[in-house]
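Down below is the structure, laid out as structure tokens.
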Amino acid sequence: MEALVCRKVGDPTLPDEISPISVSDSHPIPSLNSPTAVRVRVRATSLNYANYLQILGKYQEKPPHPFIPGSDYSGVVESVGPSVSMFKIGDTVCSVANLGSFAQYIVVDETELFRVPDGCDLVAAAALPVAFGTSHVALIHRAQLTSAQVLLVLGAAGGVGISAVQIGKVCGATVIAVARGAEKVQILKSLGVDHVVDSSNENVTESVKNFLKAKKLKGVDVLYDPVGGKLTKETMKLLNWGAHILVIGFASGEVPVIPANIALVKNWTVHGLYWGSHRMHQPEVLEDSVKEPLSWLSRGLIKIHISHSYNLSEARLAFSAIKDRKAIGKVMITFDDHKTARSKL
């Protein structure tokens, strides 16, 4: 089978001759390894910033080399073990893998798979678990966002950011989004965001303060932050008493300092969120964080925004789209009939 193999630590955007990744055209197809194992023919797999960091050797999980990177994916059940009861050959499924999804086939236990509802596009389903799962746990389970609250989303045009603003709207909250550039701003407005700040030419805190004042709102109740750095420090000035800070990631490259003395006085709650660890510690929460967004997708309550699609041999370009922040929404690697799809919204 065709598989993307990472053979050493390095930057996957480098030219092929010095790249840490390469495509193998003759990688062994994985065998069913237990009675409840399922082999899925992968239709699409998504790239997340974590995948880029992992190949760089800067992610918290560092698998031994060589390895096939993994992320959220979708596909069709191709083979099942003798004790599989939840799925049959031909079923459409999606899931998330720590390793192994950047390949034509993957083998997992049936308990790790989610059925894709009828009518849902498989490429869209592959883009959903990590981004929407992360935001669902953050906003629904942790912050318990309500329609009476104000949600501020930083990095709102990225994969997790776009999922957060949409979940915010499903909850009925007032949603404020921060992004860079006119194209990203326009996409966010099309999603019904109440106020969008273009950080490339606006002062974020002043713009948000003016909006809150015009709407007679006191401040921000929930800060969703996949960016970190100076922007976190600035936007903390906007937070209400009793606000929730959701620490999602550090796309800026700078880990922010959240002053404990101010958190004490203002009764803030700070949530660190590593979505994947819920599989071990709270599997029922992780399951809910994928199943409910899949239901929303099937009912048209949310949209999956796919910015770029590539085939496996173009993985370097796909990682460049992540590194250079060119993506609005998700970057995908697809197999089969959509193999050569390109940059579409």
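- Between T134 and I248 there is a side-chain heavy-atom pair separated by less than 4.5 Å.
- Listed for the D121 side chain is a donor-acceptor partner under 3.5 Å among the backbone atoms of A124.
- Across all non-hydrogen atoms, the minimal contact from G228 to S252 is C-OG, 3.4 Å.
- The heavy-atom pair separating S199 from R180 by the smallest distance is OG-CG, 2.8 Å.
- Taking each heavy atom of R325 and A251 in turn, the nearest pair found is NH2-O, 2.5 Å.
- L152 and V208 get closest at one heavy-atom pair: CD1-CG2, 4.5 Å.
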Original post:
Are L139 and L151 close enough, and set up right, to give a side-chain contact (heavy atoms from CB on, under 4.5 Å), and what steps lead you there?
Top reply: CA-CA 9 Å; L139 297 172; L151 167 66; 3.8 Å; yes
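- Hydrophobic clustering, with ILVMFWY side chains joined whenever heavy atoms are under 4.5 angstrom apart, keeps I68 apart from V9.
- Other residues, nucleotides and ligands contribute over 12 non-hydrogen atoms within 6.0 Å of the NZ atom of K62.
- Between the S74 side chain and the A125 main chain, no donor and acceptor come within less than 3.5 Å of each other.
- No more than 12 heavy-atom neighbours from other residues, nucleotides or ligands sit within 6.0 angstrom of NZ on K291.
- Proximity of V331 to K326: side-chain heavy atoms (C-beta onward) are nowhere separated by under 4.5 Å.
- S95 and F114 make their closest contact through CA-CD1, 4.3 Å (heavy atoms, listed as atom of the first residue, atom of the second, distance).
- Hydrophobic clustering places I245 together with I262 (ILVMFWY residues linked when any side-chain heavy atoms are closer than 4.5 Å, directly or through intermediates).
- Side-chain contact of S46 with Y73: a donor-acceptor pair under 3.5 Å is absent, judged by distance alone.
- Side-chain contact between E61 and N98 is present, with heavy atoms from C-beta onward closer than 4.5 Å.
- Note on residues 247-269: no pairs pass ring-ring contact (aromatic ring centres under 6.0 Å, His included), not counting sequence neighbours.
- At distances below 3.5 Å, not a single donor-acceptor pair connects side-chain atoms of N48 with backbone N or O atoms of A50.
- In this structure, the side chains of N311 and T334 stay at 4.5 Å or more apart for every pair of heavy atoms.
- For the residue pair N203/T205, the side-chain donor-acceptor check at 3.5 Å is satisfied.
- Under the 4.5 Å side-chain contact rule for hydrophobic residues, I333 and V42 share a cluster.
- D118 CG: 12 or fewer foreign heavy atoms inside a 6.0 Å radius.
- Of the N and O atoms on the side chains of S19 and R316, not one donor lies less than 3.5 Å from an acceptor on the other residue.
- Aromatic ring orientation, H308 versus Y310: parallel (interplanar angle below 30°, classes split at 30° and 60°).
- The aromatic rings of F319 and Y52 are tilted relative to each other, their planes meeting at an angle between 30° and 60°.
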**OP:** Show your working on salt bridge (Lys or Arg N to Asp or Glu O under 4.0 Å) between K215 and D194 and close with a plain yes or no.
**Re:** CA-CA 10 Å; K215 295 293 183 180; D194 297 280; over 6 Å; no
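- Nearest heavy atom pair, residue A131 against residue D72, reads N-OD2, 4.2 Å.
- When atom types are taken as modelled, the side chain of H278 and the backbone of W275 share a donor-acceptor pair closer than 3.5 angstrom.
- Between the side chain of S207 and the backbone N or O of V204 there is no donor-acceptor pair closer than 3.5 Å.
- Here H136 and W296 bring their ring centres to under 6.0 angstrom of each other.
- In summary, of the residues considered (R39, R41, R115), a salt bridge (charged side-chain N to carboxylate O under 4.0 Å, His left out) with D91 occurs for R115 alone.
- Side-chain heavy atoms closer than 4.5 Å link hydrophobic residues (I, L, V, M, F, W, Y) into clusters, and following such links, possibly through other members, connects L301 to V175.
- Connection of V270 to V150 is established within a shared hydrophobic cluster, with ILVMFWY side chains joined at heavy-atom distances below 4.5 Å, either directly or through further cluster members.
- Distance alone, capped at 3.5 Å, is enough to place a donor-acceptor pair between the N51 side chain and the G70 backbone.
- Side-chain contact check for P293 versus I302: some heavy-atom pair is nearer than 4.5 Å.
- Considering only heavy atoms from C-beta on, L212 stays 4.5 Å or farther from H195 through its side chain.
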